[in-house]
Visitor: 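Just passing along the structure, written as structure tokens.
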Amino acid sequence: MPELPEVQSIISGLNRTILGKHLNRIDEHRKGTVFNEENYTEFGEIVDISRRGKYIIILTSDRIKIIIHLRMTGKLIYRSREIKTNKHTRATLVFQDGSALLFDDVRTFGRIEIYRAEDIVAAIETLGPEPLREDFGKKYLSMILKSRTAPIKNLLLNQRIIAGLGNIYASEILHRAGILPTRPGNNLSGNEIGSIVNNTKKVLLEAIEAGGTTISDYRQVENKAGSYQKMLKVYGKDFCSCGSRLNRIKLAGRSTFYCVKCQS
DNA sequence: ACCGCGTCCTGTTAGC
DNA sequence: TGCTAACAGGACGCGG
């Protein structure tokens, strides 16, 4: 599942491969993948590629922005010339030089939306702060959490509170911070909130450095796997590094892993 | 305002 | 061995 570090790695890959290229067209191979395409025939060159939360934002010289969300199984794969699609290819961005960017997505939840550059996109507008920026700090998180009774894990998954975390990193961050995922938000001490903030930044930076976490579907733009899966401490594991068996429960409908000895 | 659950989807795996 | 059901989860809409 692409979360912030995976999306960040994809942004890097897109900058290496498609920045500056002239986008001829976007082919949709499966209905319900590309939205608003009918309003646009010309795109121009790719002039900027960025990220907000888990949303990929591609800006073109014709002042068009292409917003891509990969959801769970979406992949963006670059092909320099041999453009072979497969049964899960949902759309293709075709460039003038004969190269292409394939949008593969097994579970078809991902989507591509096209807007004018100046359009306000509600989904992005309502996102919480970027965890790696300074406005995501102890002061901000304390302010948010004081009125929240939901489990901290659920709150970390709420994109309006913090943008970019998903199920894997939420479990990893809470393990590093030594905090049980079930703790109500308004029950955490200042020190604990500070630890969540620090460990969020630490885990995300390490995961970006590793090129993301590849468990099954995620691949970088050049189709390479990331390596942070080797550094996971709890997600998908049976035992903690302390030797205790990990607990596995469902929170917000997602598998949640924690150690009763290391987290309280 | 906030919380939790159901929904969308398909490949993989667990269980009988 | 072969079939079925459960499972994986990001975002969103809805009811309480």
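Quick caveat: nothing in here was measured; it's all calculated off a predicted structure. So you know, we letter chains A, B, ... as the sequences are listed, proteins then strands, and number each from 1.
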Visitor: Check DNA chain B against residues 85-93 of chain A and give the residues with a non-hydrogen atom under 4.0 Å, in numerical order.
Guide: A:K87, A:H88

Visitor: Rounding to an integer number of Å, can you tell me how far A:N186 CG sits from B:dA1 P?
Guide: 18 Å

Visitor: Measure from CZ on A:R107 to P on B:dC9 and round the result to the nearest Å.
Guide: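 After rounding, the reported distance stands at 13 Å.
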
Visitor: Could you tell me whether a side-chain N or O of A:Q263 sits under 3.5 Å from a main-chain N or O of A:C259, the two making a donor and an acceptor?
Guide: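 Indeed, once roles are kept as given, a pair shorter than 3.5 Å links the two residues.
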
Visitor: Whole angstrom is fine here: how far is it from CZ in A:F103 over to P in B:dC9?
Guide: 15 Å

Visitor: How would you list all residue pairs meeting ring pair (Phe, Tyr, Trp, His ring centres under 6.0 Å) that involve residues 129-182 of chain A, not counting sequence neighbours?
Guide: A:Y169-A:Y228

Visitor: Rounding to a whole Å, what distance do you find between A:R248:CZ and C:dA8:C1'?
Guide: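 So the CZ-C1' distance, A:R248 to C:dA8, works out to 9 Å.
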
Visitor: With respect to the side chain of A:Y235, which nucleotide from B:dG11, C:dA8, B:dG4 is positioned closest?
Guide: C:dA8

Visitor: Among B:dG11, B:dC2, C:dA8, find the nucleotide with the atom closest to the side chain of A:R148.
Guide: B:dC2

Visitor: Which one of A:R90, A:H88, A:R79 satisfies the side chain to side chain contact (heavy atoms under 4.5 Å, CB included) criterion with A:L102?
Guide: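 It is A:R79; the other options fail the test.
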
Visitor: Under 3.5 Å, is there a donor-acceptor pair between the A:S99 and A:D97 side chains?
Guide: yes

Visitor: When you measure from the side chain of A:E28 to the backbone N and O of A:V34, does any donor-acceptor pair fall under 3.5 Å?
Guide: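 Flag set: sc A:E28 to bb A:V34 pair under 3.5 Å.
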
Visitor: Expressed in angstrom and rounded to an integer, what is the separation of A:M1 atom CE from B:dC8 atom P?
Guide: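 Between P of B:dC8 and CE of A:M1: 21 Å.
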
Visitor: Taking everything shown except A:E222 itself, do over 12 heavy atoms lie less than 6.0 Å from its CD?
Guide: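 It does: A:E222 CD has more than 12 such atoms within range.
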
Visitor: Under 4.0 angstrom, heavy atoms only, what part of the nucleic acid is A:R30 near: base, sugar-phosphate, or nothing?
Guide: sugar-phosphate

Visitor: Distance check needed: C:dA8 C1' versus A:N167 CG, whole Å only.
Guide: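 Those two atoms, CG and C1', are 9 Å apart.
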
Visitor: Starting from P on B:dC2, measure out to CG on A:L145 and report it in whole angstrom.
Guide: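 In whole Å, B:dC2 P and A:L145 CG are 11 Å from each other.
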
Visitor: Categorize A:A123 for me: base, sugar-phosphate, or nothing, with a 4.0 angstrom heavy-atom threshold over every strand shown.
Guide: sugar-phosphate

Visitor: Check whether any side-chain N or O of A:K250 sits under 4.0 Å from OP1 or OP2 of B:dC5, and answer yes or no.
Guide: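 No, A:K250 has no side-chain N/O under 4.0 Å of OP1/OP2 on B:dC5.
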
Visitor: Does A:P184 reach a base, just sugar-phosphate, or nothing at all? Heavy atoms under 4.0 Å.
Guide: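 Here A:P184 touches no strand at all.
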
Visitor: If the cut-off is 4.0 Å, is A:T108 near the phosphate of B:dC8, judged by side-chain N/O to OP1 or OP2?
Guide: no

Visitor: Can you tell me how far P of B:dG11 sits from NZ of A:K75, to the nearest Å?
Guide: 12 Å

Visitor: Show me the side-chain donor-acceptor pairs of residues 144-158 of chain A shorter than 3.5 Å, one per line, residues at least two apart or across chains.
Guide:
residue : atom : partner : partner atom : Å
A:K153  : NZ   : A:N167  : OD1          : 2.8
A:K153  : NZ   : A:T256  : OG1          : 2.7
A:N158  : OD1  : A:R160  : N            : 2.9

Visitor: To the nearest 0.5 angstrom, please state how far the CD1 atom of A:I58 sits from the CD1 atom of A:I49.
Guide: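 A:I58 CD1 to A:I49 CD1: 5.5 Å, rounded to 0.5 Å.
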
Visitor: If you look at every strand shown and take non-hydrogen atoms under 4.0 Å, does A:S216 touch a base, only sugar-phosphate, or nothing?
Guide: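 The residue A:S216 makes no contact with any strand.
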
Visitor: For B:dC9, does either OP1 or OP2 sit under 4.0 Å from a side-chain N or O belonging to A:T73?
Guide: no

Visitor: Please tell me which of A:G253 and A:T126 maps to the more 5' nucleotide of DNA chain C, matching each residue to the nucleotide holding its nearest heavy atom.
Guide: A:G253

